Colleague: 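For reference, the structure I am asking about is given below.
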Amino acid sequence: MNLKDQQLFRQQAYIDGAWCDAESRATLPVLDPATGETIATVPLMGEAEAIWAIEAANAALPAWKAKTAKERAKILRRWFELIEQNEDDLARLMTWEQGKPVAEALGEIRYAASFVEWFSEEAKRLYGDVIPSPSADKRLVVVREPIGVCAAITPWNFPAAMITRKAAPALAAGCTIVVKPANETPLSALALAELAERAGIPAGVFNVVTGDSAAIGKQLTGHPLVRKLSFTGSTPVGRLLMSQCAGTIKKVSLELGGNAPFIVFDDADVDAAVEGALIAKYRNAGQTCVCVNRFYVHDAVYDEFAEKFANKVAELRVGSGFEPGTQIGPLITAKAVAKVQELLDDATAKGARVLAGGHSLAEGVQYFAPTVIADVKPGMRLLDEEIFGPVAPIVRFSSEDEVVRLANDTIYGLASYFYSRDIGRAWRVAEALEYGMVGINTGLISNEVAPFGGVKQSGLGREGSKYGIEDYLETKYLCMAL
Ligand SMILES: NC(=O)c1ccc[n+]([C@@H]2O[C@H](COP(=O)([O-])OP(=O)(O)OC[C@H]3O[C@@H](n4cnc5c(N)ncnc54)[C@H](O)[C@@H]3O)[C@@H](O)[C@H]2O)c1
Ligand SMILES: O=C[C@H](O)CS(=O)(=O)O
């Protein structure tokens with residue numbers, strides 16, 4: 001890969017300020033999802049290296065937490081500036097390992113950088129309290145303190161932003177952190193580590209361990225020095241990791257799977273709904289946790305929406321993320337393509353009708369045609385399972401009460417969307433939807449200043465916003481006798 005700064009292409013893990021191989025010298029391949037070719041290797045590390053990283057993070061903690069908030073803020077600001085200055089290289093590395101179009105990768109790098117910028121500012125606003133004492137001889141004070149050594153386990157679909165959305169608040173709070181990125185996309189994490197080192201983040205404060213997920217995760221969830229785990233990934237893995245943390249009572253934040261409904265009411269601006277639907281469904285080829293999984297369209301506008309939406313989808317350009325104009329890149333693995341095809345075949349076998357796409361693309365290793373299917377009905381698996389691909393199922397509905405019931409009929413509760421121009425309906429439906437996030441007349445809701453997260457089995461806690469740093473802090477009460 002031709003980068004402006006070749007130093008950003010790292011093939012070693014980053015522990016205690018050192019670039020290192022696995023003790024066994026074993027490696028893992030990193031594949032280009034557009035071609036299936038091996039583009040890099042990273043260390044196949046395990047428990048021993050995870051323990052080394054945890055102990056390094058613990059050793060670095062006293063000095064890092066002893067810095068003033070302003071000192072930490074300055075270093076984080078420098079990290080933000082370096083990410084911004086190297087955005088083109090970082091975007092190209094991301095497209096190379098994850099497949100998303102370069103324009104989308106650039107957007108993610110800027111999104112990732114925004115969390116570092118935001119928490120460099122929030123670092124200076126971790127206020128405590130002075131409580132009016134109920135007794136004259138006592139003074140009561142509350143202070144906020146860093147929780148300590150943290151661990152982060154992150155997914156492949158947003159290989160930079162899902163790391164900074166955890167590491168930035170952790171470091172801002174005065175914590176240290178050990179990050180285990182997804183094995184499909186470690187290069188973005190290692191490039192962030194290179195820039196963290198250049199920014200002056202001290203050795204041991206930010207560590208990246210690559211390799212055997214279960215073995216590394218066993219230490220990140222079970223080691224007593226780790227006080228908090230922040231996980232982003234699938235709900236089944238989140239359940240497992242949460243249970244593994246129980247033995248040492250770790251604080252746990254979970255950003256898990258979704259099953260987002262997108263509701264088009266009869267009073268909606270249908271053209272606006274189509275535009276919102278394109279963004280909310282096909283961003284990252286449908287591989288985001290907040291992508292629409294189910295479209296519910298009122299009978300009165302069903303045919304108009306379905307036709308306009310399918311026509312736009314059929315025009316989406318599929319190809320390598322490096323090709324100018326590509327809108328839909330490859331899916332992350334052949335297994336992901338097979339899963340999408342399996343869900344689609346289940347729906348069509350049960351009566352769903354393909355309006356656009358409907359198949360993987362022969363010329364590409366892992367390309368899948370952007371797809372719209374109509375006449376989708378309960379009992380089809382893709383209404384209950386996370387599709388995580390470019391397939392849009394459309395279901396009819398006839399009343400507000402019916403569609404709210406249908407939308408809430410899932411174990412998930414991450415993102416939801418609806419289009420209506422009735423202000424009373426907007427308030428009623430927004431309050432009735434059991435989701436952590438609701439997009440109203442928009443398909444794009446994510447940013448660094450708003451609380452990102454879900455309810456039910458979509459997770460615990462919030463990331464970004466003024467709330468996102470809370471899970472990296474302990475609240476200490478001081479009772480002082482005069
Ligand atoms: N809520 C959010 O903010 C959010 C964001 C992105 C992705 N996701 C979810 O993530 C999923 C897709 O990402 P994915 O395929 O990487 O998810 P995944 O759960 O398969 O993997 C996520 C991370 O967990 C690691 N992992 C897997 N098994 C492990 C184990 N036994 N011990 C320790 N670590 C383990 C993986 O290596 C990876 O780093 C989807 O369900 C998506 O909805 C949620
Ligand atoms: O899928 C994971 C991300 O959280 C999606 S978003 O870019 O934050 O909306």
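Remember, it's 1-based here, ligands and their atoms both numbered in the order they're listed. Quick caveat, the model's predicted, so the values are computed rather than measured. Quick note: numbers below take in every heavy atom, side chains included, and nothing from hydrogens, waters or symmetry partners.
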Colleague: Would you indicate whether Lys456, at its atom NZ, is surrounded by more than 12 heavy atoms from other residues, nucleotides or ligands within a distance under 6.0 Å?
Modeller: yes
Colleague: So which bit of Pro181 gets within less than 4.0 Å of ligand 1, heavy atoms only: side chain, backbone, both or neither?
Modeller: backbone
Colleague: Of the protein's non-hydrogen atoms, which lies at the shortest distance from atom 1 (N) of ligand 1, and what is that distance?
Modeller: Leu256 O, 2.8 Å
Colleague: Please list the nearest protein heavy atom to atom 30 (C) of ligand 1 with its residue and the distance rounded to 0.1 Å.
Modeller: Ala214 CA, 4.1 Å
Colleague: Considering only the protein, which heavy-atom contact is closest to atom 13 (O) of ligand 1, and what is its distance?
Modeller: Pro155 CB, 3.5 Å
Colleague: Pick out which of Ser230, Ser188, Pro181 makes a side-chain contact (heavy atoms from CB on, under 4.5 Å) with Thr154.
Modeller: Pro181
Colleague: Using a 4.0 Å cutoff against the non-hydrogen atoms of Phe388, which atoms of ligand 1 qualify?
Modeller: 12 (C), 40 (C), 42 (C), 43 (O)
Colleague: Given side chains that start at C-beta, do those of Glu121 and Arg77 come closer than 4.5 Å, heavy atoms only?
Modeller: yes
Colleague: Would you mind checking which non-hydrogen protein atom is closest to atom 33 (C) of ligand 1, with the distance to 0.1 Å?
Modeller: Ser213 O, 3.2 Å
Colleague: Mark yes or no for whether Glu184, through its side chain, and Ile332, through its backbone, hold a donor-acceptor pair below 3.5 Å.
Modeller: no
Colleague: If you have a sec, work out which protein heavy atom is nearest atom 16 (O) of ligand 1 and how many Å separate them, to one decimal?
Modeller: Trp156 CD1, 3.1 Å
Colleague: Please step through side chain to side chain contact (heavy atoms under 4.5 Å, CB included) for the pair Asn183 and Ser213, ending with a clear verdict.
Modeller: CA-CA 8 Å; Asn183 292 333; Ser213 297; 3.4 Å; yes
Colleague: Heavy-atom distance to atom 6 (C) of ligand 1: which of Leu220, Thr221, Asn157 wins?
Modeller: Asn157
Colleague: Could you list the residues that satisfy ring pair (Phe, Tyr, Trp, His ring centres under 6.0 Å) with Trp19, not counting sequence neighbours?
Modeller: Tyr14
Colleague: Of Thr232, Leu229, Val237, which has the heavy atom at the shortest distance from atom 22 (C) of ligand 1?
Modeller: Thr232
Colleague: Would you mind listing which atoms of ligand 1 come within a distance below 4.0 Å of any non-hydrogen atom of Gly257?
Modeller: 41 (O), 43 (O)
Colleague: For Cys289, take its heavy atoms, then give the atoms of ligand 1 lying under 4.0 Å from any of them.
Modeller: 1 (N), 2 (C), 3 (O), 4 (C), 5 (C), 8 (N), 43 (O), 44 (C)
Colleague: Under 3.5 Å, N/O to N/O: give me all the pairs between ligand 2 and the protein, one per line with atom names and distance.
Modeller:
from, atom 1, to, atom 2, distance (Å)
ligand 2, 1 (O), Asn157, ND2, 3.0
ligand 2, 1 (O), Cys289, N, 2.9
ligand 2, 4 (O), Arg165, NH1, 3.3
ligand 2, 4 (O), Arg165, NH2, 3.3
ligand 2, 7 (O), Arg283, NH1, 3.1
ligand 2, 8 (O), Tyr111, OH, 2.6
ligand 2, 8 (O), Arg165, NH1, 3.2
ligand 2, 9 (O), Arg283, NH2, 2.8
ligand 2, 9 (O), Ser446, OG, 2.4

Colleague: To the nearest 0.5 Å, what is the distance between CD (Glu448) and CD (Glu117)?
Modeller: 7.0 Å
Colleague: Give the residue and atom name of whichever protein heavy atom lies nearest to atom 25 (C) of ligand 1, and the separation in Å to one decimal.
Modeller: Ile153 CG2, 3.7 Å
Colleague: Applying ring pair (Phe, Tyr, Trp, His ring centres under 6.0 Å), name anything that partners Phe295, two or more places apart in sequence or on another chain.
Modeller: Phe262, Phe309
Colleague: Between Leu383 and Val395, which heavy-atom pair has the shortest distance, and what is it?
Modeller: CD2-CG2, 3.9 Å
Colleague: Set out, in order, the CA-CA distance, both residues' side-chain angles and the distance that settles salt bridge (Lys or Arg N to Asp or Glu O under 4.0 Å) for Glu470 and Arg462, then state yes or no.
Modeller: CA-CA 9 Å; Glu470 289 299 320; Arg462 293 294 182 268; over 6 Å; no
Colleague: Just to be sure I'm reading this right: ignoring hydrogens, which of Leu240, Asn284, Leu241 gets closest to atom 31 (N) of ligand 1? Compare them by their nearest heavy atoms.
Modeller: Leu240
Colleague: How about Arg381: does its CZ atom have over 12 heavy atoms from other parts shown lying under 6.0 Å from it?
Modeller: yes
Colleague: Salt bridge (charged side-chain N to carboxylate O under 4.0 Å, His left out) with Asp346: which residues, sequence neighbours excluded?
Modeller: Lys350
Colleague: Check whether more than 12 heavy atoms from other residues, nucleotides or ligands sit under 6.0 Å from atom CE of Met242, and answer yes or no.
Modeller: no
Colleague: Quick check on contacts: which atoms of ligand 1 are under 4.0 angstrom from a heavy atom of Leu414?
Modeller: 1 (N)
Colleague: Please assess Thr232 against Glu255 for the test side-chain hydrogen bond (donor to acceptor under 3.5 Å, both in side chains), listing each intermediate value before the final yes or no.
Modeller: CA-CA 5 Å; Thr232 295; Glu255 290 286 355; 5.8 Å; no
Colleague: Taking 4.0 angstrom as the limit and counting only heavy atoms of Arg165, give me the atoms of ligand 1 inside it, by number and element.
Modeller: 3 (O)
Colleague: Is there a side-chain contact between Phe322 and Trp96 in this structure, where contact means two heavy atoms from C-beta onward sitting under 4.5 Å apart?
Modeller: yes
Colleague: Provide, to 0.1 Å, the distance between atom 9 (C) of ligand 1 and the closest protein heavy atom, together with that atom's residue and name.
Modeller: Gly233 O, 3.1 Å
Colleague: Give the residue, atom name and distance (to 0.1 Å) of the protein heavy atom nearest atom 17 (O) of ligand 1.
Modeller: Ser234 N, 3.5 Å
Colleague: Have a look at ligand 1 and work out which part of Glu386, if any, has a heavy atom under 4.0 Å from it: side chain, backbone, both or neither.
Modeller: side chain
Colleague: Where on Thr154 is there a heavy atom closer than 4.0 Å to ligand 1, on the side chain, on the backbone, on both, or on neither?
Modeller: backbone
Colleague: Considering both backbone and side-chain atoms of Ser458, is one of its nitrogen or oxygen atoms within less than 3.5 Å of a nitrogen or oxygen in ligand 1?
Modeller: no
Colleague: Check the surroundings of atom OH in Tyr111: do more than 12 heavy atoms from other residues, nucleotides or ligands lie under 6.0 Å from it?
Modeller: yes
